[in-house]
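Notes for the one structure printed next.
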Amino acid sequence: MRANGLPPVERIELGAGLTGRVVATVDLLVQEGLAASNGEAAWTSPEWWRFVEADPDHESLYLVIDGADSRPVAAAPALIVRDTRGLLFYNGPRIIGDLSAIGSVSHLAPDEQAALPWLTAGVEAARPALYPSLTVGTFGSSLGLRPFAPGRMTLPVSTVVPALARLAEVVAELVGCRSHALLYLDPEEDAALASDAVVAGLCRSVFGGEGVLDVPHGGFDDYLSMLPSSRRRTIRREIRAYAEFGARTEVGYGPGALTDDHVRLRSALREKYGHTAGQTWARKEFDTLRETVGERLVVFSARGTEQILGYLMAFRFGDVLYTRAAGFDYEASSGAYCYFNVVYYDVIKWAQRNGVRRIHYGLGTTAAKVWRGCTLRPRWAYFGLGPGATPDTSDMIAIQNATASRLLASLGAELEYGSMAGAERDETLPADAASSATMSSAWPTTVNWWSL
């Protein structure tokens with residue numbers, strides 16, 4: 001929903017001849033010329049921003065950077081977060097100290113493990129002083145920064161990202177926020193800001209790794225040929241188990257692809273993350289999706305003899321598929337490997353038949369993604385903590401960054417911009433990645449999907 005009670009924000013000087021300002025709605029951006037561009041990502045499209053703006057649980061606004069001629073050259077979405085409610089992965093103060101959001105408990109060093117209890121207590125005591133907070137970023141785990149429109153003047157990322165960080169800092173103060181965060185920067189965006197972070201008073205942390213699969217030409221055997229023989233055997237066994245269970249995957253397109261059959265699983269996923277709005281909420285979300293990005297919808301549904309067993313919701317933009325959310329009834333589908341078939345194997349087969357060259361799987365469950373051929377692309381977070389923060393807060397972010405970095409490194413991700421991410425993956429992945437049977441039995445009845 002539109003942010004409430006925004007005070008007037010005059011043009012803000014950002015340096016290098018750039019100025020910044022706040023715009024309240026997508027419709028106003030479109031009136032200024034915001035337009036779709038060829039090859040744009042789902043999460044930076046005007047369609048997606050309209051969907052996010054319609055969400056009743058979050059207050060939306062947009063940061064616009066203008067060139068020397070006062071015409072807009074770039075824009076990014078933002079959220080005002082008033083308290084601990086709302087989605088964890090877009091709530092800066094709540095992310096700090098939560099190693100399920102950033103970090104890895106299993107990668108804590110002994111001294112970090114020892115410090116964790118008292119740092120956690122310090123962060124929890126300081127957290128109320130960080131609200132309200134401004135988040136620059138959008139659903140889909142994306143910073144959302146984009147050129148304003150095709151044909152307009154464009155600026156290098158190295159110029160635009162520091163300007164956006166400065167704009168976020170000033171806007172946060174003007175709208176009464178005590179802290180701010182820029183979330184899900186990609187490696188190029190991170191490289192543009194990293195050297196200025198300390199000067200700007202920002203705490204930097206790797207957020208996680210986005211799993212991206214480049215779909216091989218040919219058939220499914222060409223995909224399997226990318227993987228070691230042991231993985232090929234496991235995948236074939238999982239596909240056989242799915243078929244023997246009597247499950248099948250159906251693919252739906254467009255506004256009618258989401259039905260009441262999916263409502264139960266969608267509402268259960270939200271409930272897992274502390275949102276108890278229930279099926280009424282899920283139906284309303286589906287209606288908004290149909291109205292905003294409905295023509296982009298591709299929904300993969302696992303169906304048994306009597307009921308839907310799970311689903312994956314995705315959006316197609318050109319020859320790229322962006323996954324959004326998934327939900328599964330593991331009790332009803334025990335032993336069928338529904339998750340792996342619906343999210344990976346049947347999606348890859350569909351992509352090969354339908355001219356999709358790349359699949360974006362988002363963040364989270366990184367080991368499973370690497371095991372099935374994805375490359376990990378790091379995403380970064382920057383926190384402006386404001387005067388209410390304590391040393392415990394920045395120390396906690398440092399631990400989260402260290403453990404998240406170790407996790408990604410163990411999976412072959414390269415954290416330096418310009419390196420070949422995933423080029424030399426360790427084939428001896430952690431135990432939770434090597435056995436799909438172990439994973440599916442250990443996971444809850446709704447999948448840990450970051451793109452909530």
Side-chain angles (χ1 to χ4, degrees), residues 211 213 215 219-253 257-269 271-272 279 282 297-314 321 323-354 356 359 361-362 364-365 367-374 429 431-449:
L213 181 69
V215 180
F220 195 68
D221 284 344
D222 294 283
Y223 159 71
L224 290 176
S225 69
M226 300 164 46
L227 306 174
S229 59
S230 60
R231 298 190 204 174
R232 295 198 296 267
R233 288 193 296 270
T234 298
I235 289 171
R236 290 190 179 107
R237 185 178 69 247
E238 292 169 350
I239 291 173
R240 285 196 304 271
Y242 186 68
E244 291 168 359
F245 188 86
R248 67 190 188 280
T249 299
E250 298 177 352
V251 185
Y253 304 91
L258 289 171
T259 71
D260 273 355
D261 289 340
H262 302 96
V263 166
R264 171 178 56 89
L265 294 172
R266 179 59 176 148
S267 59
L269 178 62
E271 186 174 347
K272 176 178 184 286
Q279 296 190 9
L297 273 168
V298 185
V299 179
F300 302 84
S301 301
R303 295 191 179 274
T305 56
E306 298 181 356
Q307 68 183 67
I308 185 171
L309 304 172
Y311 79 101
L312 170 70
M313 181 201 309
L321 189 74
T323 61
R324 162 63 180 164
F328 293 86
D329 187 336
Y330 285 113
E331 183 176 351
S333 61
S334 177
Y337 299 102
C338 274
Y339 172 79
F340 300 109
N341 278 274
V342 173
V343 172
Y344 294 102
Y345 313 144
D346 286 339
V347 172
I348 293 167
K349 294 174 185 176
W350 172 88
Q352 290 177 315
R353 294 192 303 267
N354 289 275
V356 168
I359 303 168
Y361 278 109
T365 60
K369 291 168 183 171
V370 170
W371 201 87
R372 285 162 180 81
C374 290
L429 293 173
D432 64 344
S435 170
S436 55
T438 300
M439 293 176 69
S440 60
S441 63
W443 287 356
T445 56
T446 50
V447 69
N448 178 17
W449 203 266

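Computed over heavy atoms, backbone and side chain alike; hydrogens, waters and symmetry mates excluded. If you're wondering where the values come from, they're calculated on a predicted model, not measured in any experiment.
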Heavy-atom pair of closest approach, residues Ile235 and Trp371: CG1-CZ3, 4.1 Å

For the pair Leu224 and Arg236, evaluate side-chain contact (heavy atoms from CB on, under 4.5 Å) and give the outcome as yes or no after the intermediate values. CA-CA 9 Å; Leu224 290 176; Arg236 290 190 179 107; 3.7 Å; yes

Output the distance between atom CG (Leu265) and atom CD (Gln279), rounded to the nearest 0.5 Å. 9.5 Å

Search all heavy atoms of Gln352 against all heavy atoms of Val215 and return the closest pair with its distance. CG-CG1, 3.5 Å

Okay, side chain of Lys369, backbone of Leu213: is any donor-acceptor separation there less than 3.5 Å? no

Gap between atom OH of Tyr344 and atom CZ of Arg372 - 0.5 Å precision: 6.5 Å

Please report the shortest heavy-atom distance between Ala336 and Asn341, naming the atom on each side. O-ND2, 3.9 Å

I'd like to check the salt bridge (charged side-chain N to carboxylate O under 4.0 Å, His left out) partners of Arg248; sequence neighbours left out, ordered by chain and number. Glu250

Spacing of Leu312 atom CG and Arg324 atom CZ [to the nearest 0.5 Å]: 12.0 Å

Do Phe300 and Asp346 have side chains that get closer than 4.5 Å, going by heavy atoms? no

Gap between atom CG of Asp329 and atom CD1 of Ile308 - 0.5 Å precision: 10.0 Å

Hey, mind stepping through Tyr361 and Cys374 against side-chain contact (heavy atoms from CB on, under 4.5 Å) and telling me if it holds? CA-CA 8 Å; Tyr361 278 109; Cys374 290; 3.6 Å; yes

For the residue pair Tyr339 and Tyr330, is the inter-centroid distance of their aromatic rings smaller than 6.0 Å? no

By ring pair (Phe, Tyr, Trp, His ring centres under 6.0 Å), Tyr242 pairs with (sequence neighbours left out) none

Distance from Arg231 atom CZ to Met226 atom CE, nearest 0.5 Å? 10.0 Å

Could you tell me which non-hydrogen atom of Phe245 sits nearest to which non-hydrogen atom of Ser334, and how far apart they are? CE1-O, 3.7 Å

Closest non-hydrogen atom pair between Thr323 and Gly362, with its separation: OG1-N, 4.2 Å

Taking only residues two or more places apart in sequence, or in another chain, which ones meet Asp260 in a side-chain hydrogen bond (donor to acceptor under 3.5 Å, both in side chains)? Arg283

Rounded to the nearest 0.5 Å, what separation is found between the CZ atom of Arg266 and the CE atom of Met313? 5.5 Å

